[in-house]
Protein chains: 2
Amino acid sequence: MRGPVVADTADTTYHHGNLRAALLERAAAVLAESGPDGLSLRALARDLGVSHAAPSRHFRDRRALLDALAADGFTELNRRLSEAAGAPGDTESRLTGAARAYVRFAVERPALLGLMFAAKTEQDPTSCLRELGHESLRLAAALVEQGQREGLVRPGDPHRLAQVAFSTVHGLATLALGSLLDDTPLDEALDLAVDVLLHGLRAPAASV
Amino acid sequence: MRGPVVADTADTTYHHGNLRAALLERAAAVLAESGPDGLSLRALARDLGVSHAAPSRHFRDRRALLDALAADGFTELNRRLSEAAGAPGDTESRLTGAARAYVRFAVERPALLGLMFAAKTEQDPTSCLRELGHESLRLAAALVEQGQREGLVRPGDPHRLAQVAFSTVHGLATLALGSLLDDTPLDEALDLAVDVLLHGLRAPAASV
DNA sequence: ACCTGAACACCGTTCAAGT
DNA sequence: ACCTGAACACCGTTCAAGT
């Protein structure tokens, strides 16, 4: 060893131990630029200079790889959300910041967000993925609870109110990714959504 | 011809003219029970007793088939939405009814809804799909406009307010499909979402 | 026009065998 | 433990040829 060589160029020395990490890294790049359908285990193995059967040691399935990518996506999203939720400022600006962080994530990694929520549809077991998704909702619920203490949000189960808030922001991200927002600047659409949402959360339940 | 035989059993007489329709019908069934990844052109052809190259006459691509399915999905969704939007009752109950119709569609055809919004991410041209998605938003905008005339909804561009309303309902459907609503009954979550939404839409913009 | 059959280049998955 | 190489059963897509 001649020094603290952490990661020179991606020469040829994967193989021992970091194949799993290398697969995930390369897979994330391919997903971002070719979508999930462009992601092939064999091509991945080829890119990494490894036999086409090698990935199966680290991921039983193609699905397992996809799920791992989605899990990493939720982890990163939750990191950003909790950072935004812990930022200085009042609860209203924190909630706005979290919404912005969510939409930013969606715009930066559209295919990944799609995978995160598409994967769940075909899931059943005690999935690690579902747990990570719940963590997102828990972060939102914590913000809602803060808002309730300040009288900014109506009384009621913070988890249920958080489901509504999450729906609005996630739905808007979906519209944006689907080019369904047209000429509306995403920032403006988001500001309006947050405004409507905050007013709706404040008002006491009664109308319906 | 011995009588008004509309659709006997699906015997063997596709072939002439209705192969396209037969492919779409079978594809919709496979999509519903196996997801998009379980949909293979060759298997479809096999199911219909036709050569594996035959589908290419009617759908240039696998994508073209998927897009056609998504388009049919939007058409059906829009049919249901406009029916709900034209139902008797006041604007508030019509808006609630449209939201319910949306979520019902999502629950009945989860894979199709996923396809409808996933397909758009990878789209670019003057897609017929995007136009059908816009129609959904236009239906929502019409309802918002009705609400404005009755003083139920704040002033402002109805299309932009409709984007917010659509986001909330679509987002909630996504959460439900992803098993992220947990033990919350979907009906209750939807009622709460509509309540928050209506209060938010009514309140004049000011807070942000 | 509409479909067939063969061909091509790719897949995911499995499994004995190597080191 | 970790990886290889061959094998199997499937793909999507194309294209000459049939009727």
Side-chain angles (χ1 to χ4, degrees), chain A residues 10-31 33-71 111 115 118-119 121-125, chain B residues 10-31 33-71 111 115 118-119 121-125:
Chain A
D11 265 342
T12 39
T13 20
Y14 293 107
H15 308 40
H16 283 39
N18 51 354
L19 212 205
R20 191 192 142 93
L23 282 166
L24 280 173
E25 187 187 356
R26 179 70 191 137
V30 173
L31 174 68
E33 71 180 31
S34 307
D37 289 351
L39 198 51
S40 134
L41 290 178
R42 286 179 106 111
L44 239 41
R46 229 152 29 212
D47 291 349
L48 264 42
V50 94
S51 125
H52 68 258
S56 74
R57 287 291 136 183
H58 302 92
F59 300 100
R60 186 155 35 111
D61 258 344
R62 200 184 99 102
R63 272 239 63 81
L65 210 205
L66 259 13
D67 285 350
L69 283 177
L115 191 63
T121 306
E122 307 162 18
Q123 283 282 338
D124 42 315
Chain B
D11 266 341
T12 40
T13 19
Y14 292 107
H15 308 39
H16 283 38
N18 51 353
L19 212 206
R20 191 193 142 94
L23 282 166
L24 281 174
E25 187 187 357
R26 179 72 192 135
V30 173
L31 173 68
E33 73 180 30
S34 307
D37 289 352
L39 198 52
S40 133
L41 290 178
R42 285 178 106 110
L44 240 42
R46 227 151 33 213
D47 291 347
L48 264 43
V50 94
S51 126
H52 68 257
S56 73
R57 286 292 137 185
H58 302 92
F59 300 100
R60 185 153 36 110
D61 259 343
R62 201 183 98 102
R63 271 239 64 81
L65 210 205
L66 259 13
D67 286 350
L69 283 177
L115 191 64
T121 307
E122 309 162 16
Q123 283 282 338
D124 42 314

May I ask you to verify if any side-chain N or O of B/His52 is less than 4.0 angstrom from the OP1 or OP2 atom of C/dC3? no

For B/Leu66 versus B/Leu39, what's the shortest heavy-atom pair and its separation? CD1-CD2, 3.5 Å

Any B/His58 side-chain N or O less than 4.0 Å from OP1/OP2 of C/dC2: no

Just how far, in rounded Å, is P of D/dA6 from CZ of A/Arg42? 12 Å

For B/Leu115 versus B/Leu31, what's the shortest heavy-atom pair and its separation? CD2-CD2, 3.9 Å

Pairing partner (Watson-Crick or G-U wobble, both distances under 3.5 angstrom) of C/dA9: none

To the nearest Å, give me how far apart CG (B/Leu48) and C1' (C/dT4) are. 16 Å

Please state how far atom CG in A/Leu44 lies from atom P in C/dC11, giving the value in whole angstrom units. 10 Å

Tell me the interatomic distance from A/Leu65, atom CG, to C/dT13, atom C1', rounded to whole angstroms. 14 Å

Within the structure shown, what part of the strands sits under 4.0 Å from B/Arg62 by heavy-atom distance: base, sugar-phosphate, or nothing? sugar-phosphate

Roughly how far, to the nearest 0.5 Å, is CD of B/Glu25 from CG of B/Leu48? 8.5 Å

Roughly, in whole Å, what's the span from CZ in A/Phe59 to C1' in D/dC3? 16 Å

For a quick check of understanding: with a heavy-atom distance under 4.0 Å over all strands, which category does B/Arg46 fall into, base, sugar-phosphate or nothing? sugar-phosphate

What is the distance from CG of A/Leu39 to C1' of C/dG12, rounded to the nearest Å? 12 Å

Residue mapping more 5' on DNA chain C - nearest nucleotide basis, A/Asp61 or B/Ala53: B/Ala53

Please report, rounded to the nearest Å, how far the P atom of C/dT14 is from the CG atom of A/Leu41. 11 Å

N/O donor-acceptor pair, side chain A/Arg60 with base C/dT13, under 3.5 angstrom: no

May I have the distance from B/Arg57 (atom CZ) to D/dA17 (atom C1'), rounded to whole angstrom? 12 Å

Could you check which nucleotide pairs with C/dA16 in any of the strands shown, counting Watson-Crick or G-U wobble with both distances under 3.5 Å? D/dT4

Can you see if the side chain of A/Ser40 gets near the phosphate of C/dC11 - specifically, an N or O under 4.0 Å from OP1 or OP2? yes

Distance, nearest 0.5 Å, that separates NE2 of B/His58 from CG of B/Leu19: 5.0 Å

Distance in Å, A/Asp47 CG paired with A/Arg42 CZ, rounded so as to fall on 0.5 Å steps: 13.5 Å

